[in-house]
Amino acid sequence: MQGELILKPGKERSLLRRHPWVYDTAVARVKGKPERGATVAVRSAEGRFLAWAAFAPDATLRARCWSFVESERIDAAWLAARVAEAVARRAALATDTDAVRLVFGEADRLPGFVADRYAEQLVVQLQSCGAEAWRDVLVDALAQATGRGNVFERSDSATRNREGLPPATGVLRGAEPAERIRISEHGLALLVDVRRGHKTGYYVDQRDNRHLVRQLAGQAGARLQRPVRALNCFCYTGGFSLAAAAGGAAEVLSIDSSAEALALAADNAALNAQAVHGWQQADVFEALRALREAGRQFELVVLDPPKFASTHHHVVRAARAYKDITLNALRLLAPGGELLTFSCSGAISVELFQKIVAGAVIDAGVECQMLQRLAAGSDHPLLMTHPEGEYLKGLHLRRV
Ligand code: SAH
(Lines give C-alpha, C1' and ligand atoms only; values in the text may rest on other atoms or scores of the structure.)
Protein backbone atom coordinates (compact mmCIF):
# COMPACT_ATOMS: atom_id res chain seq x y z
CA MET A 1 0.00 0.00 0.00
CA GLN A 2 1.54 3.27 -1.11
CA GLY A 3 -1.11 5.76 -0.27
CA GLU A 4 -4.69 6.56 0.52
CA LEU A 5 -7.57 8.17 -1.33
CA ILE A 6 -9.78 10.14 1.02
CA LEU A 7 -13.23 10.71 -0.43
CA LYS A 8 -15.46 13.73 -0.10
CA PRO A 9 -18.29 13.45 2.44
CA GLY A 10 -21.11 11.23 1.14
CA LYS A 11 -19.05 9.88 -1.77
CA GLU A 12 -18.57 6.53 0.01
CA ARG A 13 -22.11 5.44 -0.84
CA SER A 14 -21.37 3.69 -4.14
CA LEU A 15 -18.38 1.89 -2.62
CA LEU A 16 -20.48 0.66 0.27
CA ARG A 17 -22.61 -0.99 -2.44
CA ARG A 18 -19.38 -2.51 -3.80
CA HIS A 19 -19.43 -0.54 -7.02
CA PRO A 20 -15.80 -0.84 -8.18
CA TRP A 21 -15.14 2.65 -9.62
CA VAL A 22 -13.92 5.80 -7.86
CA TYR A 23 -14.36 8.95 -9.96
CA ASP A 24 -11.94 11.87 -9.69
CA THR A 25 -14.79 14.12 -8.57
CA ALA A 26 -15.34 11.92 -5.49
CA VAL A 27 -11.77 12.26 -4.23
CA ALA A 28 -11.02 14.95 -1.61
CA ARG A 29 -7.30 14.25 -1.35
CA VAL A 30 -4.52 11.74 -1.92
CA LYS A 31 -2.32 10.82 1.01
CA GLY A 32 1.23 9.71 0.27
CA LYS A 33 2.70 9.62 -3.23
CA PRO A 34 1.19 6.55 -4.89
CA GLU A 35 2.63 5.61 -8.27
CA ARG A 36 0.52 4.89 -11.32
CA GLY A 37 -1.25 1.57 -10.76
CA ALA A 38 -0.24 1.32 -7.10
CA THR A 39 -2.66 -0.21 -4.63
CA VAL A 40 -4.20 2.47 -2.44
CA ALA A 41 -6.65 2.28 0.44
CA VAL A 42 -9.88 4.14 -0.31
CA ARG A 43 -11.38 5.76 2.78
CA SER A 44 -14.47 7.80 3.53
CA ALA A 45 -14.18 11.40 4.74
CA GLU A 46 -14.46 9.99 8.27
CA GLY A 47 -11.56 7.61 7.66
CA ARG A 48 -13.58 4.39 7.28
CA PHE A 49 -11.92 1.72 5.10
CA LEU A 50 -13.88 1.15 1.87
CA ALA A 51 -11.67 -0.69 -0.63
CA TRP A 52 -8.25 -1.56 -1.98
CA ALA A 53 -7.95 0.01 -5.41
CA ALA A 54 -5.51 0.63 -8.25
CA PHE A 55 -4.60 4.31 -8.59
CA ALA A 56 -4.88 6.05 -11.97
CA PRO A 57 -3.44 9.56 -11.49
CA ASP A 58 -4.64 11.03 -14.81
CA ALA A 59 -7.95 9.26 -15.34
CA THR A 60 -11.52 10.29 -14.65
CA LEU A 61 -11.82 6.82 -13.14
CA ARG A 62 -9.24 7.74 -10.51
CA ALA A 63 -9.21 4.28 -8.98
CA ARG A 64 -10.67 0.84 -9.72
CA CYS A 65 -11.29 -1.46 -6.78
CA TRP A 66 -9.66 -4.82 -6.42
CA SER A 67 -11.28 -5.74 -3.11
CA PHE A 68 -13.66 -4.42 -0.46
CA VAL A 69 -12.20 -6.61 2.28
CA GLU A 70 -9.67 -4.84 4.47
CA SER A 71 -7.88 -8.03 5.56
CA GLU A 72 -7.08 -9.00 1.96
CA ARG A 73 -3.62 -8.21 0.61
CA ILE A 74 -3.40 -7.34 -3.08
CA ASP A 75 -0.29 -9.19 -4.15
CA ALA A 76 0.79 -11.65 -6.83
CA ALA A 77 -0.88 -14.58 -5.07
CA TRP A 78 -4.19 -12.70 -4.71
CA LEU A 79 -4.24 -11.74 -8.41
CA ALA A 80 -3.21 -15.21 -9.56
CA ALA A 81 -6.07 -16.67 -7.53
CA ARG A 82 -8.60 -14.35 -9.24
CA VAL A 83 -7.24 -15.31 -12.69
CA ALA A 84 -7.37 -19.03 -11.85
CA GLU A 85 -10.97 -18.67 -10.62
CA ALA A 86 -12.04 -16.85 -13.77
CA VAL A 87 -10.49 -19.48 -16.03
CA ALA A 88 -12.02 -22.32 -13.96
CA ARG A 89 -15.49 -20.75 -14.27
CA ARG A 90 -15.21 -20.83 -18.09
CA ALA A 91 -14.26 -24.48 -18.07
CA ALA A 92 -17.75 -25.25 -16.78
CA LEU A 93 -19.47 -23.47 -19.70
CA ALA A 94 -20.86 -25.77 -22.35
CA THR A 95 -20.16 -23.53 -25.31
CA ASP A 96 -19.06 -25.85 -28.10
CA THR A 97 -16.29 -23.52 -29.17
CA ASP A 98 -12.59 -22.92 -28.70
CA ALA A 99 -12.94 -19.13 -28.75
CA VAL A 100 -13.85 -18.00 -25.24
CA ARG A 101 -13.50 -14.95 -23.03
CA LEU A 102 -11.55 -16.26 -20.05
CA VAL A 103 -11.30 -13.06 -18.02
CA PHE A 104 -13.74 -10.17 -18.31
CA GLY A 105 -12.35 -7.31 -16.23
CA GLU A 106 -14.63 -5.97 -13.53
CA ALA A 107 -17.02 -8.93 -13.90
CA ASP A 108 -14.22 -11.26 -12.80
CA ARG A 109 -13.04 -8.82 -10.12
CA LEU A 110 -9.97 -7.92 -12.20
CA PRO A 111 -10.75 -4.38 -13.38
CA GLY A 112 -9.19 -3.59 -16.75
CA PHE A 113 -7.90 -7.09 -17.46
CA VAL A 114 -9.40 -8.96 -20.40
CA ALA A 115 -8.25 -12.31 -21.76
CA ASP A 116 -9.61 -14.31 -24.68
CA ARG A 117 -8.67 -17.71 -25.96
CA TYR A 118 -8.59 -18.45 -29.69
CA ALA A 119 -7.79 -22.16 -29.98
CA GLU A 120 -4.22 -22.43 -28.60
CA GLN A 121 -3.59 -18.67 -28.67
CA LEU A 122 -4.30 -16.36 -25.73
CA VAL A 123 -4.91 -12.65 -26.32
CA VAL A 124 -4.94 -10.10 -23.50
CA GLN A 125 -5.91 -6.48 -23.02
CA LEU A 126 -4.43 -4.52 -20.12
CA GLN A 127 -6.79 -1.55 -20.04
CA SER A 128 -6.20 0.00 -16.63
CA CYS A 129 -3.27 1.32 -14.63
CA GLY A 130 -3.78 -1.50 -12.15
CA ALA A 131 -3.67 -4.19 -14.82
CA GLU A 132 -0.61 -2.52 -16.36
CA ALA A 133 1.23 -2.42 -13.04
CA TRP A 134 0.64 -6.15 -12.54
CA ARG A 135 1.06 -7.19 -16.19
CA ASP A 136 3.65 -9.91 -15.64
CA VAL A 137 1.80 -11.42 -12.72
CA LEU A 138 -1.51 -11.47 -14.63
CA VAL A 139 -0.02 -12.89 -17.82
CA ASP A 140 1.95 -15.58 -15.99
CA ALA A 141 -1.12 -16.51 -13.97
CA LEU A 142 -3.16 -16.79 -17.16
CA ALA A 143 -0.57 -19.01 -18.86
CA GLN A 144 -0.42 -21.16 -15.75
CA ALA A 145 -4.19 -21.46 -15.29
CA THR A 146 -4.79 -22.36 -18.95
CA GLY A 147 -1.67 -24.45 -19.51
CA ARG A 148 -1.08 -22.41 -22.69
CA GLY A 149 2.13 -20.56 -23.45
CA ASN A 150 1.30 -18.29 -26.40
CA VAL A 151 0.10 -14.88 -25.26
CA PHE A 152 -0.40 -11.89 -27.55
CA GLU A 153 -1.19 -8.39 -26.32
CA ARG A 154 -3.84 -6.11 -27.84
CA SER A 155 -3.80 -3.20 -25.42
CA ASP A 156 -4.81 -0.67 -28.05
CA SER A 157 -8.27 0.31 -26.83
CA ALA A 158 -9.62 3.77 -26.07
CA THR A 159 -10.08 2.74 -22.44
CA ARG A 160 -6.33 2.41 -22.04
CA ASN A 161 -5.81 5.82 -23.56
CA ARG A 162 -8.21 7.30 -20.99
CA GLU A 163 -6.03 5.82 -18.23
CA GLY A 164 -3.05 7.75 -19.61
CA LEU A 165 -1.36 4.61 -20.92
CA PRO A 166 0.21 4.32 -24.39
CA PRO A 167 -1.04 1.56 -26.72
CA ALA A 168 0.86 -1.73 -26.51
CA THR A 169 0.61 -4.69 -28.85
CA GLY A 170 2.83 -7.68 -29.53
CA VAL A 171 3.95 -11.08 -28.37
CA LEU A 172 4.14 -11.38 -24.56
CA ARG A 173 4.87 -15.09 -24.21
CA GLY A 174 5.67 -17.91 -26.59
CA ALA A 175 5.52 -17.83 -30.38
CA GLU A 176 4.28 -15.29 -32.93
CA PRO A 177 0.62 -15.99 -33.63
CA ALA A 178 -0.32 -17.32 -37.07
CA GLU A 179 -1.56 -14.67 -39.54
CA ARG A 180 -4.99 -16.22 -39.24
CA ILE A 181 -5.94 -18.50 -36.37
CA ARG A 182 -8.59 -21.09 -37.09
CA ILE A 183 -11.29 -21.36 -34.44
CA SER A 184 -14.43 -23.43 -34.28
CA GLU A 185 -17.82 -22.09 -33.17
CA HIS A 186 -20.74 -24.49 -33.01
CA GLY A 187 -19.06 -26.58 -35.67
CA LEU A 188 -18.32 -23.67 -38.02
CA ALA A 189 -14.70 -22.86 -38.83
CA LEU A 190 -13.64 -19.22 -38.68
CA LEU A 191 -10.35 -17.44 -39.25
CA VAL A 192 -9.32 -14.80 -36.73
CA ASP A 193 -6.65 -12.15 -37.16
CA VAL A 194 -5.54 -11.41 -33.60
CA ARG A 195 -3.04 -8.76 -34.72
CA ARG A 196 -5.32 -6.49 -36.66
CA GLY A 197 -8.87 -7.72 -36.02
CA HIS A 198 -11.35 -5.75 -33.93
CA LYS A 199 -11.12 -6.02 -30.14
CA THR A 200 -8.90 -9.08 -29.62
CA GLY A 201 -9.70 -10.35 -33.13
CA TYR A 202 -13.30 -11.52 -33.08
CA TYR A 203 -16.67 -10.76 -31.44
CA VAL A 204 -16.74 -13.69 -29.05
CA ASP A 205 -19.59 -11.98 -27.18
CA GLN A 206 -22.11 -12.63 -29.99
CA ARG A 207 -21.56 -16.41 -30.08
CA ASP A 208 -24.94 -17.38 -28.59
CA ASN A 209 -26.79 -14.90 -30.77
CA ARG A 210 -25.09 -16.23 -33.90
CA HIS A 211 -26.23 -19.69 -32.86
CA LEU A 212 -29.76 -18.32 -32.43
CA VAL A 213 -29.65 -16.97 -35.98
CA ARG A 214 -28.70 -20.40 -37.21
CA GLN A 215 -31.75 -21.91 -35.48
CA LEU A 216 -34.04 -19.10 -36.66
CA ALA A 217 -32.97 -19.54 -40.27
CA GLY A 218 -34.00 -23.20 -40.08
CA GLN A 219 -37.27 -22.51 -38.31
CA ALA A 220 -38.26 -19.65 -40.62
CA GLY A 221 -38.02 -21.91 -43.65
CA ALA A 222 -40.34 -24.47 -42.07
CA ARG A 223 -42.73 -21.85 -40.66
CA LEU A 224 -43.04 -19.69 -43.76
CA GLN A 225 -42.80 -22.56 -46.27
CA ARG A 226 -40.39 -20.72 -48.51
CA PRO A 227 -36.65 -20.33 -48.93
CA VAL A 228 -35.15 -17.95 -46.36
CA ARG A 229 -33.34 -14.84 -47.51
CA ALA A 230 -31.06 -13.38 -44.81
CA LEU A 231 -29.49 -9.93 -44.57
CA ASN A 232 -26.53 -9.37 -42.24
CA CYS A 233 -25.63 -5.71 -41.77
CA PHE A 234 -22.22 -4.77 -40.29
CA CYS A 235 -21.12 -8.34 -40.97
CA TYR A 236 -17.40 -7.97 -40.07
CA THR A 237 -15.82 -11.38 -40.76
CA GLY A 238 -19.19 -13.01 -41.43
CA GLY A 239 -20.07 -14.66 -38.13
CA PHE A 240 -23.84 -14.14 -38.39
CA SER A 241 -23.73 -14.78 -42.16
CA LEU A 242 -22.13 -18.19 -41.72
CA ALA A 243 -24.64 -19.04 -39.01
CA ALA A 244 -27.61 -18.12 -41.24
CA ALA A 245 -26.23 -20.22 -44.09
CA ALA A 246 -25.57 -23.15 -41.75
CA GLY A 247 -29.18 -22.90 -40.60
CA GLY A 248 -30.35 -23.34 -44.16
CA ALA A 249 -30.82 -19.80 -45.52
CA ALA A 250 -31.07 -20.01 -49.29
CA GLU A 251 -29.46 -16.62 -49.80
CA VAL A 252 -27.37 -14.47 -47.45
CA LEU A 253 -26.50 -10.88 -48.28
CA SER A 254 -23.86 -9.35 -46.00
CA ILE A 255 -22.82 -5.72 -45.85
CA ASP A 256 -19.81 -4.04 -44.28
CA SER A 257 -17.79 -0.92 -45.04
CA SER A 258 -14.45 -2.69 -44.54
CA ALA A 259 -12.93 -4.45 -47.55
CA GLU A 260 -10.52 -6.26 -45.25
CA ALA A 261 -13.32 -7.66 -43.06
CA LEU A 262 -15.28 -8.73 -46.16
CA ALA A 263 -12.26 -10.52 -47.62
CA LEU A 264 -11.86 -12.53 -44.43
CA ALA A 265 -15.64 -13.16 -44.36
CA ALA A 266 -15.54 -14.59 -47.90
CA ASP A 267 -12.62 -16.82 -46.92
CA ASN A 268 -14.60 -17.98 -43.89
CA ALA A 269 -17.54 -18.89 -46.13
CA ALA A 270 -15.24 -20.83 -48.46
CA LEU A 271 -13.70 -22.63 -45.49
CA ASN A 272 -17.16 -23.93 -44.63
CA ALA A 273 -18.04 -24.71 -48.26
CA GLN A 274 -20.98 -22.31 -48.18
CA ALA A 275 -22.04 -21.00 -51.58
CA VAL A 276 -25.13 -18.91 -50.72
CA HIS A 277 -23.31 -15.69 -49.87
CA GLY A 278 -23.26 -12.25 -51.43
CA TRP A 279 -20.79 -9.75 -49.96
CA GLN A 280 -21.31 -6.04 -50.41
CA GLN A 281 -18.91 -3.28 -49.43
CA ALA A 282 -21.12 -0.33 -48.56
CA ASP A 283 -22.33 2.05 -45.90
CA VAL A 284 -25.25 0.28 -44.22
CA PHE A 285 -27.23 3.51 -43.78
CA GLU A 286 -27.24 3.99 -47.56
CA ALA A 287 -27.41 0.31 -48.50
CA LEU A 288 -30.65 -0.25 -46.56
CA ARG A 289 -32.32 2.58 -48.50
CA ALA A 290 -31.02 1.23 -51.81
CA LEU A 291 -32.33 -2.25 -51.02
CA ARG A 292 -35.76 -0.81 -50.33
CA GLU A 293 -35.77 1.11 -53.59
CA ALA A 294 -34.84 -2.14 -55.32
CA GLY A 295 -37.89 -3.76 -53.69
CA ARG A 296 -35.86 -6.36 -51.79
CA GLN A 297 -37.32 -8.36 -48.90
CA PHE A 298 -35.77 -10.68 -46.32
CA GLU A 299 -37.07 -13.26 -43.88
CA LEU A 300 -34.19 -12.70 -41.47
CA VAL A 301 -32.25 -9.49 -40.79
CA VAL A 302 -29.36 -8.89 -38.36
CA LEU A 303 -28.18 -5.40 -37.38
CA ASP A 304 -25.00 -5.50 -35.30
CA PRO A 305 -23.43 -2.06 -35.71
CA PRO A 306 -20.29 -0.73 -34.03
CA LYS A 307 -20.61 1.27 -30.83
CA PHE A 308 -22.48 4.43 -31.92
CA ALA A 309 -22.27 6.06 -28.47
CA SER A 310 -18.77 5.91 -27.01
CA THR A 311 -19.82 8.10 -24.06
CA HIS A 312 -22.96 9.63 -22.55
CA HIS A 313 -22.34 12.74 -24.66
CA HIS A 314 -23.18 10.84 -27.83
CA VAL A 315 -26.43 9.23 -26.73
CA VAL A 316 -28.82 11.47 -28.67
CA ARG A 317 -26.93 11.18 -31.94
CA ALA A 318 -26.48 7.44 -31.42
CA ALA A 319 -30.19 6.98 -30.70
CA ARG A 320 -30.98 8.60 -34.04
CA ALA A 321 -28.57 6.26 -35.82
CA TYR A 322 -29.96 3.12 -34.14
CA LYS A 323 -33.46 4.23 -35.03
CA ASP A 324 -32.54 4.94 -38.64
CA ILE A 325 -31.07 1.53 -39.34
CA THR A 326 -33.76 -0.33 -37.41
CA LEU A 327 -36.51 1.56 -39.25
CA ASN A 328 -34.99 0.88 -42.65
CA ALA A 329 -34.33 -2.77 -41.78
CA LEU A 330 -37.97 -3.22 -40.72
CA ARG A 331 -39.06 -1.93 -44.13
CA LEU A 332 -37.16 -4.82 -45.74
CA LEU A 333 -38.67 -7.45 -43.47
CA ALA A 334 -41.07 -9.83 -45.20
CA PRO A 335 -44.31 -10.58 -43.29
CA GLY A 336 -43.47 -13.20 -40.67
CA GLY A 337 -39.80 -12.28 -40.93
CA GLU A 338 -37.52 -11.74 -37.95
CA LEU A 339 -35.11 -8.97 -37.01
CA LEU A 340 -32.25 -9.11 -34.50
CA THR A 341 -31.11 -5.60 -33.71
CA PHE A 342 -28.20 -4.89 -31.36
CA SER A 343 -26.44 -2.08 -29.56
CA CYS A 344 -23.04 -2.50 -27.92
CA SER A 345 -23.04 1.05 -26.54
CA GLY A 346 -22.70 0.95 -22.76
CA ALA A 347 -24.18 4.45 -22.64
CA ILE A 348 -27.47 3.21 -24.17
CA SER A 349 -29.44 1.30 -21.55
CA VAL A 350 -31.61 -1.72 -22.28
CA GLU A 351 -34.70 0.40 -21.59
CA LEU A 352 -33.60 3.21 -23.88
CA PHE A 353 -32.70 0.78 -26.65
CA GLN A 354 -36.13 -0.80 -26.45
CA LYS A 355 -37.72 2.67 -26.70
CA ILE A 356 -35.60 3.50 -29.75
CA VAL A 357 -36.60 0.24 -31.45
CA ALA A 358 -40.26 0.79 -30.55
CA GLY A 359 -40.03 4.22 -32.18
CA ALA A 360 -38.66 2.62 -35.33
CA VAL A 361 -41.50 0.06 -35.36
CA ILE A 362 -44.09 2.83 -35.08
CA ASP A 363 -42.52 4.89 -37.87
CA ALA A 364 -42.10 1.85 -40.12
CA GLY A 365 -45.84 1.22 -39.90
CA VAL A 366 -45.37 -2.51 -39.32
CA GLU A 367 -46.61 -4.57 -36.38
CA CYS A 368 -43.91 -6.41 -34.46
CA GLN A 369 -43.73 -8.74 -31.49
CA MET A 370 -40.66 -8.87 -29.31
CA LEU A 371 -39.78 -12.53 -28.84
CA GLN A 372 -36.81 -12.08 -26.55
CA ARG A 373 -34.15 -9.74 -25.25
CA LEU A 374 -30.59 -10.68 -26.14
CA ALA A 375 -27.26 -10.13 -24.42
CA ALA A 376 -23.64 -11.25 -24.48
CA GLY A 377 -22.85 -14.90 -23.80
CA SER A 378 -22.24 -16.23 -20.31
CA ASP A 379 -18.47 -15.97 -20.69
CA HIS A 380 -19.21 -12.21 -20.49
CA PRO A 381 -21.07 -12.20 -17.16
CA LEU A 382 -22.44 -9.07 -15.57
CA LEU A 383 -21.31 -8.26 -12.05
CA MET A 384 -24.52 -7.28 -10.28
CA THR A 385 -22.77 -4.45 -8.43
CA HIS A 386 -21.43 -3.02 -11.71
CA PRO A 387 -24.34 -2.35 -14.11
CA GLU A 388 -22.00 -0.49 -16.49
CA GLY A 389 -20.72 -3.90 -17.52
CA GLU A 390 -23.93 -4.51 -19.46
CA TYR A 391 -22.86 -3.15 -22.83
CA LEU A 392 -24.30 -5.56 -25.42
CA LYS A 393 -28.05 -5.66 -25.76
CA GLY A 394 -30.33 -6.83 -28.52
CA LEU A 395 -33.98 -7.38 -29.36
CA HIS A 396 -35.42 -10.26 -31.32
CA LEU A 397 -38.51 -9.06 -33.18
CA ARG A 398 -40.96 -10.79 -35.47
CA ARG A 399 -43.09 -8.94 -37.97
CA VAL A 400 -46.70 -10.06 -37.62
N1 SAH B 1 -21.57 -8.88 -36.27
C2 SAH B 1 -20.14 -8.99 -36.27
C3 SAH B 1 -19.46 -7.83 -35.58
C4 SAH B 1 -19.80 -6.45 -36.16
S5 SAH B 1 -18.60 -5.24 -35.80
C6 SAH B 1 -19.74 -10.35 -35.69
O7 SAH B 1 -20.60 -11.07 -35.17
O8 SAH B 1 -18.57 -10.70 -35.75
C9 SAH B 1 -19.12 -3.84 -36.67
C10 SAH B 1 -18.75 -3.81 -38.14
O11 SAH B 1 -19.39 -2.68 -38.70
C12 SAH B 1 -17.28 -3.67 -38.48
O13 SAH B 1 -16.89 -4.74 -39.29
C14 SAH B 1 -17.16 -2.33 -39.26
O15 SAH B 1 -16.27 -2.42 -40.36
C16 SAH B 1 -18.57 -2.15 -39.75
N17 SAH B 1 -19.04 -0.78 -40.00
C18 SAH B 1 -18.90 0.30 -39.21
N19 SAH B 1 -19.61 1.35 -39.71
C20 SAH B 1 -20.22 0.91 -40.83
C21 SAH B 1 -21.12 1.50 -41.78
N22 SAH B 1 -21.55 2.75 -41.64
N23 SAH B 1 -21.55 0.74 -42.81
C24 SAH B 1 -21.15 -0.55 -42.94
N25 SAH B 1 -20.32 -1.15 -42.07
C26 SAH B 1 -19.87 -0.44 -41.02
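Ligands are counted one by one from 1 in listed order, and the atoms in each one are counted from 1 as well. Along the sequence shown, residues carry numbers from 1.
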Would you please determine whether Cys233 falls within less than 4.0 Å of ligand 1 on a heavy-atom basis?
no
Could you find the nearest protein heavy atom to atom 18 (C) of ligand 1 and give me its residue, atom name and distance?
Pro306 CG, 3.4 Å
Hey, does Tyr202 come in under 3.5 Å of ligand 1, counting only N/O atoms on both sides?
no
Ligand-residue contact atoms, ligand 1 with Phe240, heavy atoms, under 4.0 Å
1 (N), 7 (O)
Does an N or O from Pro305, backbone or side chain, lie closer than 3.5 Å to an N or O of ligand 1?
no
Side chain to side chain contact (heavy atoms under 4.5 Å, CB included) test vs Cys235 passes for just one of Ile255, Leu262, Asp304, namely Leu262
To atom 7 (O) of ligand 1, the nearest of Arg210, Arg207, Gln206 on a heavy-atom basis is Arg210
How far is atom 4 (C) of ligand 1 from its nearest protein heavy atom, and which residue and atom is that?
Phe234 O, 3.2 Å
In terms of atom number and element, which parts of ligand 1 are under 4.0 angstrom from non-hydrogen atoms of Ser258?
15 (O)
Quick one: which ligand 1 atoms are inside 4.0 Å of a heavy atom on Asp283?
21 (C), 22 (N), 23 (N)
Nearest-contact summary for atom 17 (N) of ligand 1 - protein heavy atom, Å
Ser257 OG, 3.4 Å
Distance alone, cut at 3.5 Å: any donor-acceptor contact between the side chains of Arg373 and Gln354?
yes
Nearest-0.5 Å distance that lies between atom CZ in Arg180 and atom CG in Leu271:
10.0 Å
Check whether any heavy atom of Gly239 sits under 4.0 Å from an atom of ligand 1.
no
dist Arg320:CZ -> His314:NE2 (nearest 0.5 Å) comes out at 12.5 Å
Give me the residue, atom name and distance of the protein heavy atom closest to atom 23 (N) of ligand 1.
Val284 N, 2.9 Å
Arg64 and Glu106 ion-paired at < 4.0 Å:
yes
Please classify the Ala282 to ligand 1 contact at 4.0 Å (heavy-atom distances, strictly less than): side chain, backbone, both or neither.
backbone
Should Asp256 be listed as contacting ligand 1, given a heavy-atom distance under 4.0 Å as the test?
yes
State whether the number of non-hydrogen atoms from other residues, nucleotides or ligands found under 6.0 Å of Arg18 atom CZ is greater than 12.
no
Just wondering, are more than 12 heavy atoms of other shown residues or ligands nearer than 6.0 Å to NZ in Lys393?
yes
Can you tell me how far the CH2 atom of Trp134 sits from the CG atom of Leu110, to the nearest 0.5 Å?
12.0 Å
In His396, Gln369, Arg399, the residue satisfying side-chain hydrogen bond (donor to acceptor under 3.5 Å, both in side chains) with Glu338 is His396
Between the side chains of Glu153 and Arg135, is the shortest nitrogen-to-carboxylate-oxygen separation below 4.0 Å, so that they form an ion pair?
yes
For atom 9 (C) of ligand 1, state which one of Asp304, Leu242, Thr237 supplies the nearest heavy atom.
Asp304
